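In this text, all values refer to a predicted model and were calculated from it rather than measured experimentally.
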Amino acid sequence: MNKLKINDFKEIITGRRSIRNYDPTVKISKEEMAEILEEATLAPSSVNLQPWRFVVIDSNEGKETLAPLAKFNQRQVASSAAVVAVFVDMKSEEYLETIYNTAVEKGFMPAEVRDQQVPAISGLVKTMTNEQKKEMFLIDAGLVSMQLMLAARAHGYDTNPIGGYEKDRIAEAFDLDKDRFYPVMLISIGKAADQGYPSVRLPLDVITEWK
């Protein structure tokens, strides 16, 4: 059984393709999308601040708003079941006590550990510049984005990460505070209409050193 699970996971990874053409008749229910997002948010984050925020764009109105902001990715926007806009919340430390209190309530963490961690983390974040916070949060956002794509594939869907869009306009377009919510990427999701193309990776002896 364990071997089957490992093989399934390997297929999820090795079979992933960046898909640009989706079957427009395939929709994803709000319940299943929520399940995919919840699985994605099991990704690690720095001091567990979980700075990622999502806007799921799956309505006709939402896609009409997005389309002029993603001019070079019209196929994905139009044909996908949804496009998930991933942001980071530059004030995610406001949820610090909520996160750690919940961990104590669920029995995941002793209260004394929380009482040590919360003021220490709060003090650390206060010393960071906006750029330092952004750098930290973008790493976390990359982790959750990759996990989102793998979770989607485990549900039988395909994805495409998109970096080419109007990042300076997207927050306000979807009624977010652009000074607080920094855009990371768009991820289209749906059922592939074609198989896509495998891509080449550099060999390990080029990218890896063993010490």
Side-chain angles (χ1 to χ4, degrees), residues 18-20 22 28 30 33-100 102 118 121-152 159-190:
S18 288
I19 297 298
R20 290 166 174 78
Y22 298 91
I28 302 175
K30 185 176 181 179
M33 183 64 77
E35 187 175 349
I36 291 170
L37 291 173
E38 286 179 352
E39 290 164 358
T41 61
L42 296 175
S45 64
S46 302
V47 294
N48 201 24
L49 277 181
Q50 305 167 43
W52 42 70
R53 303 292 182 265
F54 308 109
V55 177
V56 179
I57 305 163
D58 61 355
S59 67
N60 290 334
E61 295 79 8
K63 289 191 172 188
E64 287 173 3
T65 299
L66 178 61
L69 304 179
K71 295 178 182 177
F72 301 105
N73 296 281
Q74 295 298 301
R75 284 182 296 171
Q76 297 97 307
V77 172
S79 64
S80 63
V83 178
V84 179
V86 183
F87 295 83
V88 291
D89 180 359
M90 294 302 296
K91 295 183 179 179
S92 58
E93 66 270 14
E94 291 182 0
Y95 292 90
L96 176 61
E97 290 192 12
T98 298
I99 291 168
Y100 279 76
T102 303
V118 168
I121 294 169
S122 180
L124 171 66
V125 173
K126 286 178 181 178
T127 68
M128 300 177 73
T129 66
N130 200 58
E131 286 303 310
Q132 287 172 329
K133 284 174 62 178
K134 184 186 295 183
E135 182 179 352
M136 180 174 76
F137 291 162
L138 285 175
I139 292 172
D140 298 337
L143 291 169
V144 81
S145 295
M146 187 70 251
Q147 186 138 316
L148 193 161
M149 288 185 279
L150 294 177
T159 57
N160 179 217
I162 300 169
Y165 62 99
E166 304 290 339
K167 292 187 176 181
D168 59 335
R169 297 169 53 198
I170 191 166
E172 287 185 309
F174 290 98
D175 302 316
L176 299 178
D177 179 354
K178 68 176 183 179
D179 294 323
R180 175 165 182 164
F181 298 97
Y182 185 80
V184 179
M185 72 176 73
L186 305 175
I187 300 174
S188 60
I189 174 173

Taking every non-hydrogen atom, the tightest pair across [X] and [Y]:
{"X": "I36", "Y": "A152", "value": "CG2-N, 4.0 Å"}
{"X": "F174", "Y": "G62", "value": "CZ-O, 3.7 Å"}
{"X": "F137", "Y": "V88", "value": "O-CG1, 3.6 Å"}
{"X": "P44", "Y": "L143", "value": "O-CD1, 3.6 Å"}
{"X": "R75", "Y": "R20", "value": "CB-O, 3.5 Å"}
{"X": "K134", "Y": "M90", "value": "N-CE, 3.7 Å"}

Between [X] and [Y], is there a donor-acceptor pair closer than 3.5 Å when you use the side chain of the first and the backbone of the second?
{"X": "D140", "Y": "S46", "value": "yes"}
{"X": "K178", "Y": "A171", "value": "no"}
{"X": "Y165", "Y": "M185", "value": "yes"}
{"X": "T102", "Y": "T98", "value": "yes"}

At what distance, to the nearest 0.5 angstrom, does [atom1] of [X] lie from [atom2] of [Y]?
{"X": "M146", "Y": "T159", "atom1": "CE", "atom2": "OG1", "value": "6.5 Å"}
{"X": "I189", "Y": "D58", "atom1": "CD1", "atom2": "CG", "value": "10.5 Å"}
{"X": "I170", "Y": "L66", "atom1": "CD1", "atom2": "CG", "value": "5.5 Å"}
{"X": "I19", "Y": "Q76", "atom1": "CD1", "atom2": "CD", "value": "10.0 Å"}
{"X": "M33", "Y": "L148", "atom1": "CE", "atom2": "CG", "value": "8.0 Å"}
{"X": "L49", "Y": "K91", "atom1": "CG", "atom2": "NZ", "value": "15.0 Å"}

Can you find a pair of side-chain heavy atoms, one from [X] and one from [Y], that are under 4.5 Å apart?
{"X": "E94", "Y": "R180", "value": "yes"}
{"X": "V184", "Y": "F87", "value": "no"}
{"X": "V125", "Y": "L96", "value": "no"}
{"X": "V86", "Y": "F54", "value": "yes"}
{"X": "M149", "Y": "I187", "value": "yes"}
{"X": "E39", "Y": "Q147", "value": "no"}
{"X": "S18", "Y": "N160", "value": "yes"}
{"X": "S122", "Y": "E97", "value": "no"}

Quiz item: Do N48 and Q50 have a side chain donor and acceptor closer than 3.5 Å?
Solution: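 Yes, a side-chain donor-acceptor pair sits under 3.5 Å.
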
Quiz item: Do other residues, nucleotides or ligands put more than 12 heavy atoms under 6.0 Å from E135 CD?
Solution: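 No, the 6.0 Å shell around CD holds no more than 12 heavy atoms from other groups.
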
Exercise. May I ask you to establish whether R53 and Y95 are in a cation-pi arrangement, using a distance under 6.0 Å from NZ or CZ to the six-membered ring centre and at most 45° from the ring axis?
Key: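 The answer is yes, since R53 meets both limits relative to Y95.
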
